[in-house]
Enquirer: 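Can you keep this structure in mind? I'll have questions shortly.
Residue numbering restarts at 1 for every chain, and letters A, B, ... go by the order of the sequence lines.
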There are 4 protein chains.
Amino acid sequence: MSVQKSAAPGKTHPDATRRSERSRRAIYDAALTLVGEVGYPKTTIEAIAARAGVGKQTIYRWWSSKADVLLEAFLDLGEQAAQAAGQESHAIPDTGDLAADLKAVLRATVDELRDPKFEAPSRALAAEGVVNEELGRVFVTKLLEPSLQLYVDRLRSAQEAGDIRPDVDPRIALELFVSPLAQRWLQHTAPFSYDYTDTLVDYALYGLAPR
Amino acid sequence: MSVQKSAAPGKTHPDATRRSERSRRAIYDAALTLVGEVGYPKTTIEAIAARAGVGKQTIYRWWSSKADVLLEAFLDLGEQAAQAAGQESHAIPDTGDLAADLKAVLRATVDELRDPKFEAPSRALAAEGVVNEELGRVFVTKLLEPSLQLYVDRLRSAQEAGDIRPDVDPRIALELFVSPLAQRWLQHTAPFSYDYTDTLVDYALYGLAPR
Amino acid sequence: MSVQKSAAPGKTHPDATRRSERSRRAIYDAALTLVGEVGYPKTTIEAIAARAGVGKQTIYRWWSSKADVLLEAFLDLGEQAAQAAGQESHAIPDTGDLAADLKAVLRATVDELRDPKFEAPSRALAAEGVVNEELGRVFVTKLLEPSLQLYVDRLRSAQEAGDIRPDVDPRIALELFVSPLAQRWLQHTAPFSYDYTDTLVDYALYGLAPR
Amino acid sequence: MSVQKSAAPGKTHPDATRRSERSRRAIYDAALTLVGEVGYPKTTIEAIAARAGVGKQTIYRWWSSKADVLLEAFLDLGEQAAQAAGQESHAIPDTGDLAADLKAVLRATVDELRDPKFEAPSRALAAEGVVNEELGRVFVTKLLEPSLQLYVDRLRSAQEAGDIRPDVDPRIALELFVSPLAQRWLQHTAPFSYDYTDTLVDYALYGLAPR
DNA sequence: ACGTAAGCGAGACGGTACGTCGTGTCTTCGG
DNA sequence: CCGAAGACACGACGTACCGTCTCGCTTACGT
């Protein structure tokens, strides 16, 4: 996968120093636009090349598949957004009130998942990752886990403050409220709302059984 | 979508009474087999037709897409499995020990998700459902929700027994342990084990905060 | 070929006495109309059946091919025209002036060949006959030769009158003026006119060499 | 039609300078071979492509129809034969004896029409030309008329020599012996022989009426 | 008069070929 | 010497007809 940093053992990339930055950007833009317009399955490499004003070979030279192009385009989009947002931290706030902090972050996540600009490509990537293990691995590693790690950090801090039982595994704990939201979004099993995410946090923190 | 009960407003199906049961079965078998053998993306309608000994048109006559064929084939597989299992109830056991009951069911689910016979087609359908809302809707309605309803029933019973707080919404509550498992399976975010599902049940029932 | 009267040695026709005259007529009409409208190659048996309000099998029951249907339809058209024209003889007039008689008949032929009602089907049949020897044989036997025989008769009469050399073979002689006209019509090698057919008769009767 | 020289007003051909000569030749060969083997109607574009080891698209890129492919293949065959024959003139011999010269050429024509190598494709093209005016036009222009022009030349020479009446139109005169032969061949109206063509020349030159 | 067997309209079926589109490779040519 | 342009072999698409095969349903015999 092109995303890897280390040199692939097989055929290596051409000289990256001579690469046209112009083309790279145009391809990212075209790919994201097309996925938004016609959906992932109808987005073709030929169309991306045509829209980007680029030869097909220029795409095949640097990426191995449509999914690969889109994945890098999406990563790039994220980086750009991050830079645009300046140094605004992605860390989860730590006001001392764990429930409130988690609810706030999940509400922000709800908003983000509803942003149509991100929806089409991220949904496409998630779907491809379900079926294509290689891409899925990269998707999780590069995009998903870094986000989840923020929850791990906040939960550890809560453990130190005594708000979470010390024997709880934060990496599993975060799934109690993150995964339900993810599933509702991915599989349209049910709509989501602020109320819903708030409830998730309450249930997760205090459990279902009577205290 | 062929799965719909109501007559479609657009072009209607041909006379279903004259339909060849033989062909229908052969197509289901071929579709499931091929998805298992070469994966969903490389499964083509031409190959299904050839393998089933059927004209392509016979597929296009009754289904609107590859995804539609596979969905029905999978539904049919489920029905057959259900019938084969006779009246053996799918209900979640109710021994009075809620945690034990849930852990047992989730362990069984883990086993099922690992069964390669079911994995390829269900993964394919789930992925398609992520990106194709119409199919996703049917997938959820016909396959997912009926299974989830069983948890709702068991949780309600637990509420009556006083094992779950009465103000808890069972439909949301079940997501605390089902969705994390689903996400690990779908997105390969992390491997799953009996330990993991046991932990999920414990966290969900008793919460993360100190009691 | 269905046109044959004698029972074919192989599979025999179904009971002809129960045949639906209504369907037969409707099929002839539909076939001729369609050939006129969309041309022979785009005329399909399915379309003929649909247009005639007839099941496909009713066509396959009585005819062996599209060409066969059209041939019979055209023969029937000719018979109908003949009957409509009453007993008006098709014989070539014999006024005693051979050249004038031939010119008159050829002028009538020119008119007929230009009648669009006849053009499409007869052109289609002629073309099919070029490539399909079996049909070509029937076409020539049933349609072409009977017409040519009329010229043979007239030329023989002229031989008796001393207007044609007695050693001339009339069957060959008629081709001197009939075939050129046929070729111009069939192959669009050149347009035809009354002048042209008059010239043909003159050349044929008196030769090219100085007298 | 691809044969046209002028740029078509509609969609234009792709860049002809990059065209694969190899493919072109292989397609010609495959087309002619297949027409010879299975006949024109059973010759499919798919089969031509497969036999030629070529993608279907490469055929559709350069030709508009099966007939068009075959026409060019046949024209090419003629050109190759012409080149192979070197500068050997195609002109009709002029020994001074017009009748003998014509008889000789017609006898050669009879032989050529019987050559199975030429028969299948030329018959197929002629048939197609009967029904498809556009192709017919090209067929006549490129193949038929150039041959007929040779007769025009010889007849004019005969006129200068006084062997043909000066008021005779050579373009019409040649049809007296060429068209009958053509019709017998095309429509199987009757078999042909050297005797027959000899007779045609005699009748045509000296007429049917007593001298 | 009444089955019963045929022709009939209808149309689903297994196939073949169509003409188009996209893939990934390869070659040509211009900046 | 990279990159745009695009021709190429390949293969799947979804459609159109082919010719065969049931389906009921008349319709007309032959007992």
Enquirer: Can you tell me the distance, in whole Å, between the CD1 atom of I59(D) and the C1' atom of dA9(F)?
Expert: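 I59(D) atom CD1 is separated from dA9(F) atom C1' by 12 Å.
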Enquirer: For the CZ atom on R25(B), are there more than 12 heavy atoms of other groups (residues, nucleotides or ligands in this structure) within a distance under 6.0 Å?
Expert: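 Buried by this count: over 12 neighbours within 6.0 Å.
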Enquirer: Assuming nearest nucleotide by heavy-atom distance, tell me which of A47(C) and A16(D) is located more 5' along DNA chain F.
Expert: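 Its nearest nucleotide lies further toward 5', so the answer is A16(D).
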Enquirer: Donor-acceptor pair, distance only, cut-off 3.5 Å: does the side chain of K66(D) make one with the backbone of T43(D)?
Expert: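 A pair under 3.5 Å: yes.
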Enquirer: Where the side chain of K42(C) meets the backbone of V35(C), is there a donor-acceptor pair that is under 3.5 Å apart?
Expert: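 Not confirmed, K42(C) side chain does not pair with V35(C) backbone.
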Enquirer: If we only count heavy atoms from C-beta on, is the L70(B) to L32(B) side-chain gap below 4.5 Å?
Expert: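 The answer is yes; the side chains approach within 4.5 Å.
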Enquirer: Which protein N or O atoms sit under 3.5 Å from an N or O of nucleotides 14-17 of chain E?
Expert:
unit_1, atom_1, unit_2, atom_2, d
dG14(E), OP1, S23(B), OG, 2.8
dG14(E), OP2, G55(B), N, 3.4
dG14(E), OP2, T58(B), OG1, 2.7

Enquirer: To the nearest 0.5 angstrom, please state how far the CD1 atom of I27(C) sits from the CH2 atom of W63(C).
Expert: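 I27(C) CD1 to W63(C) CH2: 4.0 Å, rounded to 0.5 Å.
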Enquirer: Rounded to whole angstroms, how far apart are CD1 on I48(C) and P on dA16(F)?
Expert: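 Going from CD1 in I48(C) over to P in dA16(F) covers 18 Å.
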Enquirer: Expressed as a whole number of angstroms, how long is the span from R24(B):CZ to dC13(E):P?
Expert: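 For the pair R24(B) CZ and dC13(E) P, the rounded distance is 11 Å.
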Enquirer: DNA chain F: R18(B) or D15(D), which has the more 5' nearest nucleotide?
Expert: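 Result of the comparison: D15(D).
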Enquirer: Regarding dA7(F), can its base be found pairing with the side chain of R19(D) as donor and acceptor, where the two atoms are less than 3.5 Å apart?
Expert: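 Donor-acceptor pair under 3.5 Å: no.
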Enquirer: Could you state the atom-to-atom distance from CH2 of W62(B) to P of dT15(F) in whole Å?
Expert: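 Those two atoms, CH2 and P, are 16 Å apart.
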Enquirer: I'd like to know whether CZ of R22(A) has more than 12 heavy-atom contacts from other residues, nucleotides or ligands below 6.0 angstrom.
Expert: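 Count not over threshold, so no.
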Enquirer: Looking at K56(B) and A49(B), would you say the former's side chain and the latter's main chain have a donor-acceptor pair under 3.5 Å?
Expert: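 A pair under 3.5 Å: no.
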Enquirer: If you look at every heavy atom in T33(B) and R51(B), which pair is closest and at what distance?
Expert: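 That would be CG2-NH1, 3.3 Å.
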Enquirer: Using the side-chain heavy atoms of P14(B), tell me which of these nucleotides is nearest: dT20(E), dA12(E), dG7(E).
Expert: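 It is dA12(E).
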Enquirer: Only Watson-Crick and G-U wobble pairs with both distances less than 3.5 Å should count. Give DNA chain F in dot-bracket notation, marking inter-strand partners with |.
Expert: |||||||||||||||||||||||||||||||
Enquirer: Whole angstroms only, please: what is the NZ-C1' distance between K66(A) and dC21(E)?
Expert: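 So the NZ-C1' distance, K66(A) to dC21(E), works out to 13 Å.
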Enquirer: If you measure from the Lys or Arg side-chain nitrogens to the Asp or Glu carboxylate oxygens, is any gap between R24(B) and E21(B) under 4.0 Å?
Expert: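 Yes, R24(B) and E21(B) are salt-bridged.
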Enquirer: Output the rounded distance in Å from CZ (R22(A)) to C1' (dA4(F)).
Expert: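 So the two atoms are 12 Å apart, to the nearest Å.
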Enquirer: Let me know, please, whether E21(C) or Y60(D) comes out on the 5' side of the other along DNA chain E by nearest nucleotide.
Expert: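 Its nearest nucleotide lies further toward 5', so the answer is E21(C).
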